[in-house]
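In what follows, chains are A, B, ... by sequence order, proteins preceding strands, each numbered from 1. Just the heavy atoms: all of them, side chains too, but no hydrogens, waters or symmetry mates, feed the values below.
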Number of protein chains: 2
Amino acid sequence: MVSERAKPSGPKFRRRSEARPDEVLDAALELFVEKGFAATRVEDIATRAGVSKGTVYLYFPSKEAVLEGLVRRGVLPVANSVIEQFAKVSGDPRLILAGAIRMLGNRLSDPMIGAIPKVVLREVVSFPQLAEMYRREVLDRTIPVLVSLIERGIAEGYMRPVDPELTVRSIVGPLVIHVVLAQVFGIVPKGGMEIEALIDNHLSVLFGGLSAPGAPDIG
Amino acid sequence: MVSERAKPSGPKFRRRSEARPDEVLDAALELFVEKGFAATRVEDIATRAGVSKGTVYLYFPSKEAVLEGLVRRGVLPVANSVIEQFAKVSGDPRLILAGAIRMLGNRLSDPMIGAIPKVVLREVVSFPQLAEMYRREVLDRTIPVLVSLIERGIAEGYMRPVDPELTVRSIVGPLVIHVVLAQVFGIVPKGGMEIEALIDNHLSVLFGGLSAPGAPDIG
DNA sequence: CATTAATAACTGACCAGCCAGTTATTTACA
DNA sequence: TGTAAATAACTGGCTGGTCAGTTATTAATG
């Protein structure tokens with residue numbers, strides 16, 4: 001409030017057409033996470049971004065377009081770096097997998113990044129275009145890479161002959177549910193919510209299995 | 001349309017105060033799944049339930065109360081039967097776990113049941129009371145049972161000494177993500193989306209691990 | 001005909017998107 | 001360089017439509 005005095009008789013606004021879209025997206029992300037898309041008014045976004053409502057419409061044709069821009073900006077870099085990790089074509093695929101899982105886990109647990117899938121998940125039903133975009137830009141690009149990594153792992157004798165496509169779900173599911181439990185329901189393991197511990201345990205179960213060495217086979 | 005002729009000069013409505021709440025909930029569930037809570041109008045619910053909007057308000061004090069009633073009615077029975085499964089206190093815990101996972105997977109893949117967690121997940125942010133209820137009635141009751149089953153498995157030498165709380169995420173995560181991928185993004189494995197195959201593969205990875213017997217240890 | 005389930009018309013709040021007008025910044029020219 | 005005209009950025013109030021919730025009235029049922 002008083003800190004505004006930095007510019008006592010300063011101008012009422014600044015012209016910053018370069019920075020505006022990002023400022024709007026930053027504000028929108030915060031609000032969508034706090035209250036959801038439907039409950040967020042365009043005017044709220046504008047206020048938090050330090051502009052007026054009209055300005056939002058200078059840069060985005062609609063409220064939905066703000067959401068779309070948000071997803072595009074926030075999620076593509078992550079998908080790209082995950083793909084880059086997976087793309088390593090030599091070495092034990094399990095190590096590549098482990099590295100990529102660690103990376104993905106760390107990204108997801110960053111609230112500003114992990115928030116985006118959460119928002120997508122919520123709005124997808126009333127905004128099918130968003131689902132399609134997310135699928136096309138993220139899922140359809142990452143899942144196949146992951147599948148072929150598993151296929152190579154099996155072919156080269158590093159992994160048991162599992163179904164690669166279904167195993168993808170065993171790999172990413174635990175990460176996602178961990179974030180959901182923590183961020184949505186406030187359910188945090190006793191040891192704290194450092195994602196590192198979760199990832200370590202997950203990798204241990206994933207590669208080593210849950211059964212004890214001496215225990216009888218089940219099946 | 002024409003089939004309405006079954007009651008040609010019948011009464012304009014029936015008085016059925018017993019059946020009305022369930023009829024309203026059925027209609028609401030369908031619509032919430034189709035379009036989400038925010039985009040569903042109370043009048044839509046009423047129309048699909050075959051009553052007028054006012055009637056909805058005879059049985060539910062608000063739109064949110066409809067959602068809450070829906071969750072309460074749909075999800076408690078599932079939680080209870082899962083808990084019942086887990087409660088078996090003797091025998092190989094891995095078999096009990098496997099049985100409960102199969103049961104949960106089947107329930108989740110029933111659209112009318114699996115839809116509810118999906119709706120909860122979407123509305124939780126703008127409706128914290130719902131999150132709290134779901135947490136209290138479902139998660140806080142099921143997760144501890146699962147944790148203690150794993151603890152017993154470890155204590156009795158059936159399972160490796162993993163972190164039980166974190167391992168819960170490795171157990172349910174894949175099921176949830178499978179349903180989300182299928183229902184939200186339309187991503188279905190080539191082999192079809194029969195949940196049985198997913199569960200078989202998941203159990204195999206979960207208990208046996210992903211590493212091939214001959215492969216070098218990673219760690 | 002008394003009771004109450006159910007209807008249908010109504011109200012008031014809310015908000016996305018629009019746009020007429022205002023202000024900051026740049027450009028043209030002296 | 002100083003200044004006025006031109007332009008681009010921004011504001012904020014308005015409007016039309018939507019919809020949750022209310023209420024006056026009607027109709028079914030015992």
Asker: Quick one: A:F60 CZ to D:dC10 C1', roughly how many Å, whole number?
Answerer: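 After rounding, the gap between these two atoms is 16 Å.
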
Asker: Give a yes or no on this: more than 12 heavy atoms of other residues, nucleotides or ligands lie within 6.0 Å of atom CD of B:E84.
Answerer: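 No, CD of B:E84 has 12 or fewer neighbouring heavy atoms, counting only those of other groups under 6.0 Å.
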
Asker: Between A:G54 and A:V42, which is nearer to the 5' end of DNA chain C once each is assigned its nearest nucleotide?
Answerer: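 Result of the comparison: A:V42.
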
Asker: Separation of A:R16 atom CZ from D:dC10 atom P, in whole Å?
Answerer: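 For the pair A:R16 CZ and D:dC10 P, the rounded distance is 9 Å.
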
Asker: Could you walk me through whether B:L198 and B:L175 pass side-chain contact (heavy atoms from CB on, under 4.5 Å), step by step?
Answerer: CA-CA 8 Å; B:L198 182 274; B:L175 295 178; 3.8 Å; yes

Asker: What is the distance, rounded to the nearest whole Å, between atom CG of B:L58 and atom P of C:dT3?
Answerer: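 Those two atoms, CG and P, are 18 Å apart.
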
Asker: Students often get this wrong, so: under 4.0 angstrom with heavy atoms, is A:T47 touching a base, only sugar-phosphate, or nothing?
Answerer: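 If one applies the 4.0 Å heavy-atom cut-off, A:T47 turns out to touch nothing in the nucleic acid.
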
Asker: Could you give the OH-to-C1' distance, from A:Y59 to D:dT11, as a whole number of Å?
Answerer: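 Answer to the nearest Å: 13 Å.
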
Asker: Select one nucleotide: of D:dG21, C:dG17, D:dC10, the one nearest the side-chain heavy atoms of B:Y57.
Answerer: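 Nearest listed nucleotide: D:dG21.
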
Asker: Testing A:R72, A:E123, A:Q129 one by one against A:L67 for a side chain to side chain contact (heavy atoms under 4.5 Å, CB included), which residue passes?
Answerer: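 Output: one option passes, namely A:E123.
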
Asker: Closest-nucleotide mapping onto DNA chain C: is A:R41 or A:P61 further toward the 5' terminus? I mean the 5' end.
Answerer: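 The residue whose closest nucleotide sits nearer the 5' end is A:R41.
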
Asker: Would you tell me if any nitrogen or oxygen in the side chain of A:T55 comes within less than 4.0 Å of OP1 or OP2 on D:dC10?
Answerer: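 It does not, given that no N or O in the side chain of A:T55 lies less than 4.0 Å from OP1 or OP2 of D:dC10.
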
Asker: When the distance from CD of A:E23 to P of D:dC10 is rounded to whole Å, what number comes out?
Answerer: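 Distance check: A:E23 CD to D:dC10 P gives 9 Å.
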
Asker: Whole angstroms only, please: what is the NZ-C1' distance between A:K63 and D:dT18?
Answerer: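 Checked: the NZ to C1' distance equals 13 Å.
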
Asker: Please report the distance, rounded to the nearest Å, between CD in A:E43 and P in D:dC10.
Answerer: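 These atoms are roughly 17 Å apart.
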
Asker: Under a 4.5 Å cut-off applied to non-hydrogen side-chain atoms, are B:V168 and B:V147 in contact?
Answerer: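 The answer is yes, as the side chains (C-beta and beyond) meet within the 4.5 Å cut-off.
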
Asker: Do B:R169 and A:N201 pass the side-chain hydrogen bond (donor to acceptor under 3.5 Å, both in side chains) test, and can you show the C-alpha distance, the side-chain angles, and the key distance before you say yes or no?
Answerer: CA-CA 10 Å; B:R169 290 149 177 78; A:N201 190 78; over 6 Å; no

Asker: In whole Å, what is the span from the NZ atom of A:K53 to the C1' atom of C:dA20?
Answerer: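 Interatomic distance, NZ of A:K53 to C1' of C:dA20: 15 Å.
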
Asker: D:dC10, OP1 or OP2 - any side-chain N/O from A:R20 closer than 4.0 Å?
Answerer: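 Yes, A:R20 has a side-chain N/O under 4.0 Å of OP1/OP2 on D:dC10.
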
